[in-house]
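Please read the structure below before turning to the comments.
One-based numbering along the sequence shown.
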Amino acid sequence: MVEILDETERFPAPERLRNALQALLDEGGLSSKEVTVVLLDDAAMTRHNERDRGASGPTDVLSYPSFEPDDVGRGVPEVAHLGDVLIGVDVAARQAAHHGHDLAAEVLVLAAHGLTHLRGLDHATEAAWAPFHAAQRRILELAPE
């Protein structure tokens with residue numbers, strides 16, 4: 001189950017996001033898992049980024065897993081709620097313009113990125129980016145306009 005909380009009240013495609021993210025979960029064998037996506041403005045993302053990462057200013061996406069990968073070994077844990085993905089809608093809008101697509105597509109990409117983190121993966125090396133890029137491409141295929 002995917003829950004979307006739009007604290008900005010400005011995101012134009014919450015059902016498209018919910019359906020595409022659920023389809024991505026289903027394809028990954030995670031149909032029974034829960035994810036919460038929270039859409040925030042620059043001010044809220046700045047607060048989370050500074051408090052949780054010690055980085056100034058807003059960021060595009062933050063992932064808060066319900067588990068630490070070391071808690072259960074490698075792979076997806078046996079918990080119902082994988083975690084929360086926070087997406088900065090203002091940052092996403094700026095990135096969408098830069099990437100040449102609309103806000104909804106950028107938020108989809110960021111949601112897929114966040115979900116990949118919730119699955120216990122990180123992108124510390126160039127090779128480790130592969131599953132992130134694959135998920136980001138796939139979610140756009142699953143969410144035609």
Evaluate side chain to side chain contact (heavy atoms under 4.5 Å, CB included) for Leu40 paired with His48, printing each intermediate quantity in order.
-> CA-CA 10 Å; Leu40 300 169; His48 285 281; 3.8 Å; yes
Answer yes or no: are there more than 12 heavy-atom neighbours, outside Glu9 itself, under 6.0 Å from its atom CD?
-> no
From Leu24 CG over to Arg138 CZ, what is the distance, rounded to the nearest 0.5 angstrom?
-> 8.0 Å
Does one hydrophobic cluster hold both Val61 and Val107, with members joined at side-chain heavy-atom distances below 4.5 Å?
-> yes
Under 30°, 30 to 60°, or over 60°: which ring-plane class applies to His101 and His99, parallel, tilted or perpendicular?
-> tilted
Supply the atom-to-atom distance Glu106 CD to Ile87 CD1, rounded to the nearest 0.5 angstrom.
-> 9.5 Å
Compare all side-chain heavy atoms of Arg10 with those of Asp41 and state whether any distance is below 4.5 angstrom.
-> yes
Check: Ala124 main-chain N/O paired with Asp122 side-chain donor or acceptor under 3.5 Å | no
Answer yes or no: is there a side-chain heavy-atom contact under 4.5 Å between Leu62 and Arg53?
-> yes
So CD1 of Ile139 and CG of Leu108: to nearest 0.5 Å the spacing works out to 5.0 Å
Note, Leu30 side chain near Arg119 side chain (heavy atom, < 4.5 Å) = yes
Nearest heavy atoms of Thr116 and Ala135, plus distance in Å | OG1-CB, 3.5 Å
Would you call Leu86 and Glu7 a side-chain contact if the rule is heavy atoms closer than 4.5 Å?
-> no
Val91 and Met45, any side-chain heavy atoms less than 4.5 Å apart = no
Are any of the side-chain heavy atoms of Phe11 and Ile4 separated by less than 4.5 Å?
-> no
Show the numbers, then the answer: is there a side chain to side chain contact (heavy atoms under 4.5 Å, CB included) between Leu82 and Leu115?
-> CA-CA 8 Å; Leu82 290 180; Leu115 175 61; 4.1 Å; yes
Rounded to the nearest 0.5 Å, the CD atom of Gln22 sits from the CG atom of Leu142 at a distance of 11.0 Å
Once the angle between the rings of Trp129 and His123 is folded into 0 to 90°, is it parallel (under 30°), tilted (30 to 60°) or perpendicular (over 60°)?
-> parallel
Would you find a donor on one side and an acceptor on the other, under 3.5 Å apart, between the side chain of Asp42 and the backbone of Asp90?
-> no
Could you state whether Leu25 and Tyr64 fall into the same hydrophobic cluster, counting links through intermediate Ile, Leu, Val, Met, Phe, Trp or Tyr residues with side-chain heavy atoms under 4.5 angstrom apart?
-> no
Approximate separation, where rounding is to 0.5 Å, of Met1 CE and Lys33 NZ | 13.5 Å
Look up atom CG in Asp84 and atom OG in Ser63, then write down how far apart they are to the nearest 0.5 Å.
-> 9.5 Å
Determine, using the 4.5 Å side-chain heavy-atom cutoff (strictly less than), whether Leu103 and Leu21 are members of one ILVMFWY cluster.
-> yes
